[in-house]
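Basis for what follows: all heavy atoms, side chains included, without hydrogens, waters or symmetry-related copies. Labels below follow one simple rule: chain letters A, B, ... track the order of the sequence lines, proteins then strands, and each chain is numbered from 1.
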Amino acid sequence: DPKAKTALSDEEVIRKEVQSKLYYVKYFLSRETSDVSRETNTRHSPLTTHDSRLTTDDFITIATVRPETILGDTAIAVNPNDDRYKHLHGQFAFVPLINRRIPIITDEYVEMDFGTGALKITPAHDKNDYQIGEKHGLEIIDTMNDDGTMSEAAQLYIGEDRFEVRKKIVMELESKGHLVKIEDYTNQIGFSERTDVVVEDRLSLQWWVDMKKIYKPALEAVIDEEIKFYPAKFKNLYRNWMENIRDWCISRQLWWGHRIPAWYDDEGNVYVAKTEEEAHRQWSMVNGQSKDSPTHHSPLTTHLRQDDDVLDTWFSSWLWPFEVFKGYSNPGNPEIQYYYPTNTLITAPEIIFFWVARMIMAGFEYMKEKPFSDVYFTGIVRDELGRKMSKQLGNSPDLLGLIDKYGADAVRFGIMISSPAGNDLLFDVKEESTLKQGSFFINKMWNALKLVKMWESKQAASDKPQAASFAVDWFENRLNEAKVEIEELYKDFKLSEILKTIYSLIWDDFCSWYLEWAKPGFEESIDANVYSRTVQFFEELMQLLHPFMPFVTEDIYHQLKERKEGDDLTVRRLKKYSIQNSEILKQGELLKEVITAIRDARNKVQLKPKDQVKLHIRADNSSAYKNIENILQKQVNAESVSYVNEAVSNSINVVVQKDKFFIESKSHADTSSHKEELQKDLSYLEGFLASVEKKLANERFVQNAKPEVVDIERKKKADAEAKIKAIKESLESLN
RNA sequence: GGAACGUUAGCUCAGUUGGUUUAGAGCGCUGCUUUGACAGAGCAGAGGUCACUGGUUCGAGCCCAGUACGUUCCACCA
């Protein structure tokens, strides 16, 4: 529904700070309130000083950076509260050089403390002046031509370039006593985005879209999450813009683009139509011509002239989701039916208004349906000072250089790991710490591959149940657990979180735990089944990581095993995860916890890693350790593991959950630091217990909180009490 | 001037409808460990009154109000 409208538009204008001059210019006052001065308002009849009605004191001084626009002035404005000018309210002044008589008006818009506090009003060449002009009913005098030269209406310097005129008019103003002073001044000036030329505000006739008529479905779709934004914070920005939507100027004076489908007749009437024929039919109806045969067009068509303007790029672009499949021009075709609406739009937050919002509006307006379901906004890459990367600042990293230095996958890793959905990405070019992390990660995977390949030739059929079988069962379940997490994260487009999860799964769970647990003893062979399962786990890990680090993962995949032609990670289907055995996962966690606690205790009493110990376990349920005792023994360098019912004297005590571990060592163990550690644990636990007890003592908590929450607190209390008891016992045994 | 978003460990950030510990991760930092995949490593550790003030609640990093600071967008700067 285009309509013609007169206004000023400032799209595609880049504002830049420039050094300018601020010219202070005297406008002589008219003391007459009658229209005696009318006679002076003619061309080239400068009101010179011999005019008896004026003295040199009778002037008002304004400040301007564009003295050439003086010729288009139609008023002077002052702030109504400005005492300096109160006596001039309702008076008149003369435009210098051409002596047009203009009113002195009052408007709150005028800043009293800028310049002289008096502002010249040029409605044809300044947006604000235009608005003031509209408000006060001022005359509009367009003093400039399309090519930036002065027009007839300027009266002076007709046909000369605006910048030349600026120089000349300053000289003339000075010679005629109008120039008070010139100051240096820094201001912002609009430059054309395309040609980098200073933009002058001018009045022109343009095509506009009345956005208020079409925005509603697009607003509601995003608010109701029929279309989801990731991250959701952009919803508010979108809402704010849509609720205050302004008309859209869609015509552009360019050579390239979709031409405006509007035709003019000789009288200047407009006919908007899909085709020239249709425009002509409209013209015929308006002009009372008979609609003879529709296939036979008369030469009258030549009377119509199509608008030279083209549509704004974004007006063409908002058609993109459907018109790339001819969804509007050929409705219901098989492609549009398949591809519309589509799933996900990936784009930058800075074009939410330009493009995203408009595609949504066009979708509802022309297709009666949303164009896509999800919009994922990528972050903007900034340098360590938070500045956008740009050629001008020269703060962009040399990506090809970084790839040479760290590898393509490491660079991908570094960028992906530090770009949480929709947040800006601070990229520290000097540190490059995440890139280093990426290349270390690659190194880690290569070393894991090296280890596994070493086992390849040392496989043997197993005759006895191995410690490694628990490791295999555990990792299988751990892998499935991680796959579920990853799938959830994908649904929310949390790409950096996914990568972190995979990173930790590979580094910690696979390399640090699983491979150590599955590792055969020195010079021992590996169970053939354990080996093939290990290879399979490795494959699956590489597959999970493949979208983030495609090169190294594909390479490792092929090195793990002989592959048939076409068996590549990039086209391999993801294996569906199966249900996890939570009991095994729990045992794995217990194992990790016990290993860590015992290593910690060994470390604290300064036992060397080489020093072998005897491990005694006192557990309520010692069968829980049967599955894992082999691994435990190996991981804490114990020569034996036994189960006891009594405390073991002269040992280092470790408490994990409710179970106690006694570490017996031949080496001299420094028990004083051990006691200190136990004391520290004890005071922490006592503090914790106090906080839980306080909570449980609060009647209102017990009454109001959900029963399961209260149960959790009770369990916390019981666990803490058991642990405190065990630690106290240990402390006593050390005395 | 208007609006949106943010403020959690030295740095970069998680923390999913308020309730499993006295808040997590990565990097950095500190200590210990060097010939069996990996020192580009391993093992462990330290480090935070969750910007501030008030409110709602049995309970707040999370909800509400205000303040401060920051980032971005829009408008304006004669």
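For the pair A:Trp507 and A:Trp446, both in contact range of RNA chain B, the more 5′-proximal nearest nucleotide belongs to A:Trp446. If you find the closest nucleotide of RNA chain B to A:Ala118 and to A:Leu515, the one lying nearer the 5' end belongs to A:Leu515.
Annotation: B:G36 and B:A23 have their P atoms spaced 40 Å apart (nearest Å). A distance of about 42 Å separates the C1' atoms of B:U33 and B:G19, rounded to the whole Å. For the P atom pair drawn from B:A65 and B:A25, the interatomic distance equals 33 Å after rounding to whole Å. When the C1' atom is used for both B:A51 and B:G42, the distance is 39 Å, rounded to whole Å.
Look at CG on A:Leu237: it is 11 Å from P on B:C73, rounded to the nearest Å. Residue A:Phe234 contributes atom CZ, which lies 19 Å from atom P of B:A3 at whole-angstrom precision. At whole-Å resolution of the value, OH in A:Tyr503 and P in B:G26 are 8 Å apart. Regarding A:Ile712, its CD1 atom lies at a distance of 19 Å from the P atom of B:G59, rounded to whole Å. Between the C1' atom of B:U20 and the CD atom of A:Glu593 lies a distance of 13 Å, rounded to the nearest Å. Distance A:Phe440 CZ to B:C27 C1': 11 Å, rounded to the nearest Å. Straight-line distance from the CD atom of A:Gln635 to the P atom of B:U33: 20 Å, rounded to whole Å.
Considering only side-chain N and O atoms, A:Lys500 lies nowhere under 4.0 angstrom from the phosphate OP1 or OP2 of B:U12. The shortest distance between the side-chain N/O atoms of A:Thr596 and the OP1/OP2 oxygens of B:A44 is below 4.0 Å. Contact between the side-chain N/O atoms of A:Lys494 and the OP1/OP2 oxygens of B:C13 is not found at any separation under 4.0 Å. In this model, the phosphate group of B:A37 is approached by a side-chain N or O of A:Lys519 to a distance below 4.0 Å at OP1 or OP2.
Nucleotide B:G24 carries an anti base; the chi torsion (O4'-C1'-N9-C4 or O4'-C1'-N1-C2) is more than 90° from 0.
Using a 4.0 Å heavy-atom criterion, one finds that A:Leu119 contacts the bases of the nucleic acid, with or without backbone contacts as well. Contacts of A:Asp600 with the nucleic acid, taken as non-hydrogen atoms under 4.0 Å apart, involve only primed sugar atoms and P, OP1 or OP2. Within 4.0 Å (heavy atoms only), A:Glu497 reaches sugar-phosphate atoms of the nucleic acid but no base atom. Here A:Glu516 lies in heavy-atom contact (under 4.0 Å) with a base. When heavy atoms are screened at a 4.0 angstrom cut-off, A:Arg714 is found touching no nucleic acid atom at all. A:Ser504 comes within contact range of no nucleotide atom at all, as no heavy-atom separation falls under 4.0 Å. Within the 4.0 angstrom heavy-atom criterion, base atoms lie near A:Lys444. The residue A:Val110 sits close to a base: some heavy atom pair falls under 4.0 Å.
Taking a pair to require two hydrogen-bonding distances under 3.5 Å in either a Watson-Crick or a G-U wobble arrangement, B:A9 remains unpaired. B:G36: no Watson-Crick or G-U partner with both key distances under 3.5 Å is found in any strand. Here B:G19 sits opposite B:C58 as a Watson-Crick or G-U wobble pair (both hydrogen-bonding atom distances under 3.5 Å).
With respect to A:Thr69, the side-chain hydrogen bond (donor to acceptor under 3.5 Å, both in side chains) criterion is satisfied by exactly one of A:His125, A:Arg166, A:Lys120: A:Lys120.
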Original post:
Could you walk me through whether A:Asp508 and A:Ser504 pass the side chain to side chain donor-acceptor pair (under 3.5 Å) check?
Top reply: CA-CA 5 Å; A:Asp508 302 327; A:Ser504 167; 3.1 Å; yes
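The side-chain heavy atoms of A:Trp455 and A:Lys519, taken from C-beta on, include a pair separated by under 4.5 Å. For the pair A:Thr74/A:Ile140, no side-chain contact is recorded, criterion being any heavy-atom separation below 4.5 Å from C-beta on.
Note: A:Tyr238 and A:Phe229 have perpendicular aromatic rings, judged against thresholds of 30 and 60 degrees for the angle between ring planes.
The structure places OH of A:Tyr27 at 9.5 Å from NE2 of A:His178, a figure rounded to the nearest 0.5 Å.
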